[in-house]
Amino acid sequence: MATAIEWLDDKLRILDQSRLPREQVLTDLDDYTDVVLAIKEMRIRGAPAIGVAAAYGIALGASSIKGASKDEFLTQLNQVMQAFAASRPTAVNLFLAINRMRRVAGGESVAEIRNSLINEAKQIHREEITATELLSDLGAGLIKDGYRLLTHCNAGPLATAGYGTALGVIKAAKDQGKEVSVFATETRPLLQGARLTTWELRQENIPVTLITDSMAGYFMQQRKLDCVIVGADRIAANGYTANKIGTYTLAVLANAHGIPFYVAAPTTTIDLSLTSGYQIPIEERNPEEVTHIQGVAIAPEGVDVANPAFDITPNQYISAIITERGIMRAPYIESLNTVQ
Ligand code: MRU
């Protein structure tokens with residue numbers, strides 16, 4: 001499978017997720033502003049992948065600052081970091097990556113700082129790969145043979161630049177010899193489920209059935225689902241979780257039907273600085289994403305549109321949060337505090 005993000009020393013190669021599955025286009029980015037744009041336009045997307053891309057993007061930005069004194073270099077580097085911080089507000093992995101990059105920018109010379117930034121970006125990437133592998137193995141223990149799982153949005157290798165979170169758990173369950181099958185919601189407006197999750201699962205030979213977002217309740221009522229598993233963009237200290245819009249609806253439905261609802265995320269997605277999930281900033285995106293599908297208008301011109309990209313799932317609907325440091329259960333305010 002093509003990798004979501006690859007560092008080629010002087011440029012960043014990305015698999016353009018906006019064009020999948022119709023075309024597999026690899027794009028080389030050597031200007032940090034193009035990396036910022038790729039994140040905004042969701043050619044790179046998914047919380048951990050955004051963090052990794054931003055780290056490499058900052059390293060690229062640092063290499064492009066030429067002929068400056070150290071002070072001038074640091075001022076310009078700060079502007080590069082600000083540009084990434086303004087790209088997407090919800091996934092905390094982005095801000096964690098920026099802070100880590102900021103911390104290593106304290107070397108003696110500009111050349112030294114440039115080097116440390118590249119090394120730190122590679123380290124952030126390696127850590128996400130390891131974390132997603134570990135959490136997938138741990139989470140697979142919750143999945144029983146024959147399980148039919150529902151997932152929302154896309155939380156596979158594309159979204160993590162690693163092994164995947166929700167999809168990682170499903171893949172690991174299969175590797176443990178369990179027979180699993182998946183219902184993937186299409187995930188309007190940008191169809192990450194229809195376009196990316198189905199694409200990734202088919203490559204893994206995991207049976208997948210695509211449904212529209214509004215069909216989930218029907219299949220739960222029909223007893224066709226054994227659990228729901230999703231990724232996360234930010235988890236507050238109380239366990240309230242931001243994930244793709246529609247996740248909250250699925251959690252309430254799962255609760256009403258007595259179906260376990262799991263969140264799988266590396267600890268880089270946990271934000272202990274927020275005591276409540278309602279403090280998580282929710283990105284509002286371009287109305288065109290709702291009025292159009294793949295460039296084709298489906299609504300009357302000028303109609304009022306709301307387009308929040310994420311919602312918050314309260315902790316009472318979450319059966320467990322699967323991280324690389326263990327499977328966390330309520331009370332989350334206590335269990336999550338032990339992982340970071
Ligand atoms: O807007 P997106 O596509 O970046 O949103 C992605 C999600 O909501 C994912 O579920 C989340 O980032 C987890 S990715 C492992």
Side-chain angles (χ1 to χ4, degrees), residues 4-5 14-20 38-54 87-97 128-129 131-136 139 149-172 184-197 199-201 213 228-235 241-251 261-271 277 280-286 289-290 307-313 318 321-324:
I5 295 174
I14 63 155
L15 175 59
D16 186 339
Q17 299 191 34
S18 67
R19 291 161 79 167
L20 287 171
I39 292 173
K40 283 186 179 161
E41 293 178 348
M42 292 174 59
R43 282 177 278 132
I44 305 168
R45 48 144 299 282
I50 292 171
V52 171
S87 61
R88 292 194 75 190
T90 304
V92 76
N93 308 61
L94 171 69
F95 302 96
L96 194 72
E128 287 295 11
I129 294 171
T132 52
E133 284 171 352
L134 277 172
L135 76 86
S136 297
L149 305 102
L150 176 85
T151 191
H152 187 55
C153 195
N154 170 261
L158 289 169
T160 58
Y163 188 72
T165 56
L167 291 198
V169 170
I170 296 170
K171 290 194 297 174
T185 54
E186 62 178 354
T187 319
R188 270 285 282 150
L190 292 180
L191 304 171
Q192 291 93 327
R195 296 186 301 104
L196 310 175
T197 297
W199 185 74
E200 288 188 320
L201 287 172
D213 300 341
V228 178
I229 185 160
V230 296
D233 288 83
R234 195 186 298 219
I235 302 171
T241 293
N243 192 47
K244 180 52 56 194
I245 190 78
T247 302
Y248 166 54
T249 316
L250 293 173
F261 182 94
Y262 299 123
V263 171
T267 50
T268 48
T269 304
I270 298 170
D271 184 354
I280 298 173
I282 300 291
E283 178 181 13
E284 181 73 29
R285 291 187 60 87
N286 189 336
E289 293 178 352
V290 176
N307 188 15
F310 303 96
D311 58 24
I312 306 295
T313 299
I318 301 174
I321 298 177
I322 302 159
T323 77
E324 76 278 18

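We use all heavy atoms of the structure for the numbers below, so side chains are in, but hydrogens, waters and symmetry mates are not. Counting convention: from 1, in listed order, for ligands and their atoms alike.
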**Prompt:** Between Thr241 and Asn243, do the side chains contain an N or O donor and an N or O acceptor separated by less than 3.5 Å?
**Reply:** no

**Message:** Looking only at side-chain N and O atoms, does Asn93 offer a donor or acceptor that is under 3.5 Å from a partner on Thr268?
**Reply:** yes

**Message:** Going by salt bridge (Lys or Arg N to Asp or Glu O under 4.0 Å), name the residues that satisfy it together with Arg43, two or more places apart in sequence or in a different chain.
**Reply:** Glu41

**Request:** Take Arg188 and Asp213, measure what salt bridge (charged side-chain N to carboxylate O under 4.0 Å, His left out) needs, and give me the verdict at the end.
**Result:** CA-CA 7 Å; Arg188 270 285 282 150; Asp213 300 341; over 6 Å; no

Acceptor/donor pairs from residues 44-53 side chains to any protein atom, 3.5 angstrom cut, sequence neighbours excluded:
residue : atom : partner : partner atom : Å
Arg45   : NH1  : Gln17   : OE1          : 2.8
Arg45   : NH1  : Asn154  : OD1          : 3.2
Arg45   : NH2  : Asn154  : O            : 2.8

**Proximal protein residues to ligand 1, non-hydrogen atoms under 4.0 angstrom** = Met42, Arg45, Gly46, Ala47, Pro48, Arg88, Cys153, Asn154, Ala155, Ala159, Thr160, Thr165, Gln192, Gly231, Ala232, Asp233, Asn243, Lys244, Phe310

**Asked** Considering residues at least two apart in sequence or located in another chain, which fulfil the side chain to side chain contact (heavy atoms under 4.5 Å, CB included) criterion with Ala166?
**Response** Thr151, Ala155, Ile229

